[in-house]
Amino acid sequence: MDLTRPTFYITTPIYYPNDFLHIGHSYTTVAADALARYKRMRGFDVMYLTGTDEHGLKIQQRAEQAGQDVHEFLDGIIAWIKDLWAKLDISYDDFIRTTEERHTRVVEALFERLIDQGDIYLSDYEGWYCTPCESFWSERELVDGKCPDCGREVQFVREESYFFRMSKYVDRLLAFYDAHPDFIQPESRKNEMINNFIKPGLKDLCVSRTSFDWGIHVRRDPKHVVYVWLDALTNYITAIGYGSDDPQMQAKFERYWPADVHFVGKEIVRFHVIYWPIILMALGLPLPKKVYGHGFLMMRDGKMSKSKGNVIDPKLLIARYGSDAIRYFLLREIPFGQDGVFTPESLVQRLNYDLANDLGNLVHRSAAMMHRFVGGAVPASSAFGPLERDLAALCEQTVAEVEQHMDDMQFSLALGSIWSLIGRANKYIDEAAPWALNKAGERERLQTVMYTIAEAIRYASVLVAPFLPRTAEQIWAQYSVEPEQTTWESLRRFGTGAAGRAVAQRDPLFPRLDVEAELEALGALANKGRAPSSGTTAAEPNQPGPSQSAPVAAAKPAAQNATGLTPSGGPPEVGGKPRIGIDVFDQVELRVGQVELAERVPGADKLLRLMVNLGAETRQIVSGIAQHFQPEALVGQKVIVVTNLKPVKLRGVESNGMILAASHEGTLKLATVPPEMPNGAIVK
RNA sequence: GGCGGCGUAGCUCAGUUGGUCAGAGCACACGGUUCAUACCCGUGGCGUCAGUGGUUCGAAUCCACUCGCCGCCA
């Protein structure tokens, strides 16, 4: 650690490793990573912490199911998680596991201290327990006296428990909110916290259990296991040396605490802005500066679940597209703080438009011109003209914008600013037209233009580095950018980049993807991975009260009607349309076809993609009949196809025709012809 | 049921304290260009800014109510 630099301590939730992580967890961790990398570039001594919350009944049971010792089970998952973070280029400085001695010993000690102080007291926990759900419910939460989740019988349980006297600190907590209006982000969460939990009277928190064994035992009363939050939240201080005997670790704690920001999913905001500050008050420690509750990453067709077949293993995505592409999508597509929806279409579009077309092509076309026009190296510039000054101003302005957005933790906006610059650079090339200068033999002007392009690319590469670390490195290597020209400070003045640097011609940074092929592949990717089916956060799912929702939650099933191609029924009712002459009808070409391939269009619940053999050709047709037919059942079927319809795109898939079907009161049957009719035969 | 929020172009959304605020990106149409990954650049249409009433010289922007949607809690 460098004592001369200001510190920046950032954390993710510690994830619950009862299963493999999914792309929702990756989202939090990638966001924290981008901020950590940015702060490092800005000269901060960054401490970026992530880790795992390894205690609790669920873990115990999962290990038993797997026939493994708990430690063995955990080590396997933790190795998988660390491998995921490595694949995503997560630059964490420490990874804490709550089963580590540096954590358990301190939690034991502070539990004792809090009892001695009177902040923790022994009492009885009473509630209703649903055995299958492993959930506790209060009297009011029950629905008709039954479990509100599953509707089954619940049992009244009374269990001796330790409680944390939260109520004692409420006034101080409210005063803290007042003094630190930015503590809770986004701000809308603050009202929810105050109105729902504090105003009605903050209840004391149950902090121990006797019903399971896998956890940190209370020293003076070992039948009790420290329950969830006191164990999980304190990772933020134990990891950096709180309560350590080692003077070096103590110094580390003094240096980094309080944390600058805790990134958390919105479902655990409450624990981080109410219980955690109060625990810290009880320990006499300063409070973190900010808690940022970000939104969920959702799937279009609902919550990720194996039964729905929409779970995507982040490692498979990374393997297919690269970590930078996934990082870019997550940070650009979803405004931090809001929910976002992951769809194969949006992923492929972001990668094609933003990465391949804009950034990738800028870097690629510029390198080609360096070779064609100026000998493969960045030339020296002479005086800038208006075009150059304009671009230079935007470059410098973009730096300021990105800094502002990063201060606000608005990653999508920061990337938006950077991409405006990239767009402007592409436009500059068109305006300055180096190829025309080359033809006209205007060497000096050509060199200035090529220098300016290289400098703009250097700006883009440095700005993009916190988000797309690999891409930045690749650009620097390709354009031979010296390390001192890749620093944030090197962006203060446009035109300080060195001339004479060799430029290599490389393959494009990002391949242009074939949309259809990718949608198909992404559909196939779903559910293939060993992705989890339940949420994992710093919360354990079996605590009293409503069970925790997963960071990946259900998107509202949007009303998605296929436009343009309705389930190929006839008119809404007989006589519902005006009469036409044979000449009008004759404009419609109908032919016999045979379905060769049928599959669902990923993300669309009504659409099937069909390949239909029409004799002379095989056509792709998208039809809104998925709710009536299993794809397999259609293969081989003879159908009647409208062959002269204009092509349309449905869910991004081109449909080149329409098949006929009859519908009546919710049922739908294909219009067909006997199998002996050859494909391509005219129907009239 | 309580508290809070939202409803702006086909889609996703920006729009500080009311007066070039009717915008951006994607999609769509047309045109240009050729250095480049059929890429890039330009131009264009589209919106009664959910509805109704009110305050005001003037409201997407303030107030009231209605409808619809969402979040947290119960």
Side-chain angles (χ1 to χ4, degrees), chain A residues 137-143 148 184 186-203 266-270 273-274 293 295-296 298 300 332-335 337-341 343 345-346 348-374 410 412-413 415-417 419-420 422-439 446 449-450 453 457 503 505-515 545-546 549 553-561 563-564 648-652:
Chain A
W137 306 101
S138 69
E139 183 86 45
R140 322 169 120 171
E141 286 169 329
L142 299 180
V143 177
I184 305 173
E187 198 174 352
S188 58
R189 299 278 159 210
K190 184 155 90 179
N191 287 331
E192 293 179 357
M193 295 301 135
I194 294 175
N195 292 335
N196 293 320
F197 299 107
I198 298 181
K199 271 191 191 161
L202 186 57
K203 295 201 194 78
K266 63 182 181 181
E267 84 284 10
I268 52 174
V269 165
R270 166 183 159 201
V273 303
I274 296 177
F296 292 150
M298 320 220 269
R300 180 169 50 205
R332 173 65 191 267
E333 183 74 10
I334 307 158
Q338 294 179 33
D339 289 344
V341 180
T343 68
E345 289 88 341
S346 57
V348 173
Q349 285 179 1
R350 281 294 178 200
L351 304 195
N352 267 351
Y353 300 145
D354 297 356
L355 295 182
N357 292 356
D358 294 346
L359 176 57
N361 188 46
L362 171 66
V363 170
H364 191 254
R365 70 194 292 210
S366 301
M369 285 189 286
M370 291 288 176
H371 278 265
R372 188 177 289 207
F373 301 144
V374 292
Q410 285 302 321
S412 59
L413 296 180
L415 285 168
S417 289
W419 254 256
S420 295
I422 290 168
R424 187 66 187 79
N426 272 321
K427 189 174 168 186
Y428 169 81
I429 293 175
D430 267 43
E431 290 169 344
W435 48 90
L437 296 172
N438 181 57
K439 204 175 263 179
L446 175 62
V449 169
M450 293 313 296
I453 293 169
I457 288 173
V503 177
Q505 281 190 288
R506 300 261 175 95
D507 287 338
L509 290 168
F510 301 96
R512 218 182 129 71
L513 304 169
D514 179 77
V515 177
S549 58
K556 298 297 164 253
Q560 287 156 355
N561 291 316
T563 50
V648 295
K649 274 195 177 179
L650 302 172
R651 279 266 167 253

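Values reported hereafter were calculated over all heavy atoms of this structure, with side chains retained and with hydrogens, waters and symmetry mates removed. Protein chains get the first letters and strands the later ones, always in sequence-line order, with residue 1 at the start of each.
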Give one of base, sugar-phosphate or nothing for [X], where a contact means two heavy atoms less than 4.0 Å apart.
{"X": "A:Arg372", "result": "sugar-phosphate"}
{"X": "A:Phe510", "result": "base"}
{"X": "A:Gly340", "result": "nothing"}
{"X": "A:Pro508", "result": "base"}
{"X": "A:Asp358", "result": "sugar-phosphate"}
{"X": "A:Leu509", "result": "base"}

query = Any donor-acceptor pair under 3.5 Å joining the side chain of A:Asn196 to the base of B:G2?
reply =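 Side chain to base: pair found, below 3.5 Å.
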Does [X] have a side-chain nitrogen or oxygen under 4.0 Å from the phosphate oxygens OP1 or OP2 of [N]?
{"X": "A:Lys427", "N": "B:G42", "result": "yes"}
{"X": "A:Asn357", "N": "B:C40", "result": "yes"}
{"X": "A:Tyr428", "N": "B:C41", "result": "no"}

message = In dot-bracket form, 5' to 3', how is RNA chain B paired? Count Watson-Crick and G-U wobble pairs only if both distances fall under 3.5 Å, and write | where the partner sits on another strand.
response = (((((((..((((.....[...)))).(((((.......))))).....(((((..]....)))))))))))).
Euclidean distance for [atom1], [N] against [M] (whole angstrom):
{"N": "B:A29", "M": "B:C67", "atom1": "P", "result": "41 Å"}
{"N": "B:C63", "M": "B:G23", "atom1": "P", "result": "25 Å"}
{"N": "B:C65", "M": "B:C6", "atom1": "P", "result": "16 Å"}

message = If we count only N and O atoms by modelled type, under 3.5 Å, do the side chains of A:Arg365 and A:Asn426 hold a donor and an acceptor together?
response =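 Yes, A:Asn426 and A:Arg365 have a side-chain donor paired with an acceptor closer than 3.5 Å.
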message = I want to confirm an ordering. Mapping A:Glu431 and A:Glu192 to their closest nucleotides on RNA chain B, which one lands closer to the 5' end?
response =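 So the residue in question is A:Glu431.
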ask   = If you pin A:Arg350 and A:Met193 to their nearest nucleotides in RNA chain B, which one's is more 5'?
value =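 Of the two residues, A:Arg350 wins.
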message = Which residues pass the side chain to side chain donor-acceptor pair (under 3.5 Å) test with A:Asp339, not counting sequence neighbours?
response =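 A:Lys266.
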Spacing between A:Leu413 atom CG and B:A14 atom C1', to the nearest angstrom =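 From A:Leu413 CG to B:A14 C1': 9 Å.
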message = Distance check needed: B:C35 C1' versus A:Asn361 CG, whole Å only.
response =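 A:Asn361 atom CG is separated from B:C35 atom C1' by 9 Å.
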